[in-house]
Amino acid sequence: MADEISDTSQTVAAGQLRAFIERVERLEEERSTIGDDIDEVYAEAKGTGFDTKAMRQIVAMRRKDPMKRQEEQSILELYMAALGMV
């Protein structure tokens with residue numbers, strides 16, 4: 001009886017594990033596809049004359065909390081001033 005319970009538990013755990021792994025694999029595939037789509041948008045923007053490096057920075061900045069972004073900008077300006085860059 002104990003062996004049956006143990007076998008059943010292992011089967012259920014293996015089934016759950018397989019389901020999690022398959023979900024992750026599907027999401028990884030979607031992420032890859034989305035990454036390719038993003039690259040295509042940047043290539044299109046570059047083809048029309050936009051600076052994609054600047055665009056990537058803007059996307060990263062917009063993703064951040066406004067207060068955190070302002071704090072980082074202030075520190076950057078302080079450091080640049082200390083180095084005589086502004």
Side-chain angles (χ1 to χ4, degrees):
M1 175 85 171
D3 288 337
E4 288 178 26
I5 293 172
S6 179
D7 290 343
T8 303
S9 297
Q10 289 177 352
T11 302
V12 170
Q16 285 179 315
L17 177 60
R18 181 180 312 280
F20 284 130
I21 296 296
E22 289 172 355
R23 283 174 53 198
V24 169
E25 289 172 340
R26 279 192 305 275
L27 292 169
E28 289 286 347
E29 187 175 315
E30 289 176 26
R31 180 180 8 196
S32 175
T33 301
I34 290 170
D36 292 343
D37 292 345
I38 291 170
D39 289 344
E40 287 178 23
V41 172
Y42 280 118
E44 184 179 342
K46 185 175 185 174
T48 59
F50 288 99
D51 184 324
T52 56
K53 196 173 188 178
M55 287 177 59
R56 288 180 188 275
Q57 285 180 313
I58 290 170
V59 169
M61 289 171 62
R62 288 173 52 117
R63 200 178 306 140
K64 293 180 183 176
D65 174 67
M67 293 301 292
K68 179 72 174 168
R69 185 175 65 228
Q70 181 59 41
E71 178 184 343
E72 290 176 2
Q73 185 64 33
S74 296
I75 292 170
L76 180 63
E77 289 173 4
L78 176 67
Y79 288 4
M80 289 175 68
L83 296 171
M85 297 175 66
V86 285

Taking a hydrophobic cluster as the set of Ile, Leu, Val, Met, Phe, Trp and Tyr residues connected by side-chain heavy atoms closer than 4.5 Å, whether directly or through intermediates, do Val41 and Ile58 fall within one such cluster?
->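 Different clusters.
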Hphob cluster co-occupancy, Ile75 + Met85, side-chain heavy atoms under 4.5 angstrom = no
Can you find a pair of side-chain heavy atoms, one from Arg63 and one from Val59, that are under 4.5 Å apart?
->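 The answer is yes, as the side chains (C-beta and beyond) meet within the 4.5 Å cut-off.
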side-chain contact (heavy atoms from CB on, under 4.5 Å) filter on Arg23, not counting sequence neighbours, yields Phe20, Arg26
Can you tell me how far [atom2] of [Y] sits from [atom1] of [X], rounded to the nearest 0.5 angstrom?
X	Y	atom1	atom2	result
Glu25	Ile21	CD	CD1	6.5 Å
Lys46	Met55	NZ	CE	12.0 Å
Gln70	Met67	CD	CE	7.5 Å
Thr52	Gln57	OG1	CD	10.5 Å

Would you indicate whether Glu44, at its atom CD, is surrounded by more than 12 heavy atoms from other residues, nucleotides or ligands within a distance under 6.0 Å?
->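 Open.
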Heavy-atom count around Glu22 CD within 6.0 Å, excluding the residue itself: above 12?
-> yes
Determine the minimum heavy-atom distance between Lys64 and Glu72, stating which atoms define it.
-> NZ-OE1, 2.6 Å
Shortest non-hydrogen contact between Arg62 and Arg69, atoms and distance |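 Shortest heavy-atom contact: CA-NH1, 3.9 Å.
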Between Ser32 and Glu28, is there a donor-acceptor pair closer than 3.5 Å when you use the side chain of the first and the backbone of the second?
-> no
Applying side chain to side chain contact (heavy atoms under 4.5 Å, CB included) between Met80 and each of Leu76, Leu78, Leu83, report the one that passes.
->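 Going through Leu76, Leu78, Leu83 one by one, the side chain to side chain contact (heavy atoms under 4.5 Å, CB included) with Met80 is satisfied by Leu76 alone.
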